[in-house]
Amino acid sequence: MAQPKVEKFVTAIDIGSWKVSALIAGRTENGELAILGTGQRESRGVRRGFIADMERTELAVRETVEQAERVAGTNIEDVWVSFSGGSLVSDVVTVERDMGGYRVEQADIDDLLTTGQQGIDPDGRVVLHAQPTCFTINGRVPVKKPLGMHADLLGVDIHVVLADGAPLANLDLCVRGAYLNVNSIVASPIATGLACLSEEERDLGVALVELGAGVTNVSLYAGGMLVGLHSIPIGASDITDDIASAFGIRRSQAERIKCFYGSAMQNRRDFRDMIEIAAPHGDVAIPGQSAGPNADGGKITRAALVAVICERLNQIMVEVNAALAGMGFNTPTGRQVVLTGGGAEMKGIADYAQGALGRAVRIGRPRGLAAMPEAHSGPAFATLAGLALYGASNPVDLRTIAPAPQTVHRIGAPAWWHRMVKAMKTNY
């Protein structure tokens, strides 16, 4: 089948604690974003969202991108990279300007943004995102383009995401070590929200829970923007480790057992269903050797497996509940939770989370991309798809990440803010 004619390439790389995945997409003549190639490798140099081994991570990135290039039949240089480490902090800076009923001029918007810039306090961190998300007229009416409108009071909400500088610098170096240029590093919750959440959900209010391998990110959307972030240093790989420890088997087999037989919900048949497991020394159980305290001759009941899974899931959901309450997501009761990430592929996880959180829960899968391979259409690849969507739209955003990121001190009208004002002039 002939490839569609592409006007613009967008390459996304998601560097997670369990896998490194890449996606090459192209903007076609009809404006559609189509996937041209994908690649994936095991991640062995990332722990809890942070780079722990530079060489292994760099090698995984290089191999993943080469695989995607072979499938797409093209070579790429510029990439968009995700960051899901636990150092992310989200804030919303709101500023207003008295207009006295006069029409809004471009100079008024520029002054308002400058005032907002002065209100950002990085507190020694790096500004990863600083996006003007919503203008308001008279403190109540949200507008996208206030230019030319009459207003007594003009306001703007600036969404700011901060992160520690050192982890970002390590991530940047790993990607550049694979001979790639980093267009930008994007906070994982922002990318995932683009792929999984509708505009209406983001506006009404929704919680996004990314159950990754090493980190569970809980983000809160309201009014069309990300308003809260909390990272929990527990993920789906901890479930794998629990299974391996409980039954005395290798991590690789524990992961296979979790994927094929694991479930978050238990039923009566689980006490009769038996699962064959292997001892740590081989692919089959060694006769006479115990495979773990809950194993019987190289076999375990599915009920025993589900019990181990649910024990860890309960701990995660308690933390998620506490995070949601801390961000004010306790009213109204009708608000929805969207569960995504690799851990969201487990059987029965939505029903389990709904009971544990006491809210409606759905599984968030990536959308908005054409020719999505079936293997990449699950929640484990939501961040990767969202990165491609983010790179294709290239929203008005503040970028401070350079090859060697610098610590951002209290704002004093640096050059990047003037670039943002210039971009706002162009778009508004």
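Here, residue 1 is the first one in the sequence, and each next residue gets the next number. Please read these numbers as outputs of a predicted model, since none were measured by experiment.
Cation-pi geometry between Lys19 and Phe381 is met: the NZ or CZ atom falls under 6.0 Å from the ring centre, inside 45° of the normal.
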Check against salt bridge (Lys or Arg N to Asp or Glu O under 4.0 Å), Arg44 and Asp53: CA-CA 8 Å; Arg44 296 182 178 179; Asp53 190 317; over 6 Å; no

Salt bridge (Lys or Arg N to Asp or Glu O under 4.0 Å) assessment of Glu42 paired with Arg56: CA-CA 10 Å; Glu42 181 183 357; Arg56 284 189 169 189; over 6 Å; no

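Contact record, Val61 with Ala178: CG1-CB, 3.9 Å, taken as the closest heavy-atom pair. Counting all heavy atoms, side chain and backbone alike, Val337 lies closest to Phe329 at CG2-CE2, 4.1 Å.
Inter-residue side-chain proximity for Arg362 and Leu339 is flagged as unmet; no heavy-atom pair is nearer than 4.5 Å.
Ring pair His129/Tyr390 is perpendicular by interplanar angle, where above 60° counts as perpendicular and below 30° as parallel.
Although no hydrogens or angles enter the test, the distance criterion places no donor-acceptor pair under 3.5 Å between the side chain of Thr192 and the main chain of Pro189. Remark: the backbone N or O of Asn267 is paired with a side-chain donor or acceptor of Asp270 at under 3.5 angstrom. Using modelled atom types, one side-chain atom of Ser237 and one backbone atom of Ala213 make a donor-acceptor pair closer than 3.5 Å.
Between Arg48 and Asp238 a salt bridge is recorded (basic side-chain N to carboxylate O distance below 4.0 Å).
Under 3.5 Å, the side chains of Ser188 and Glu210 contain a donor-acceptor pair of N or O atoms.
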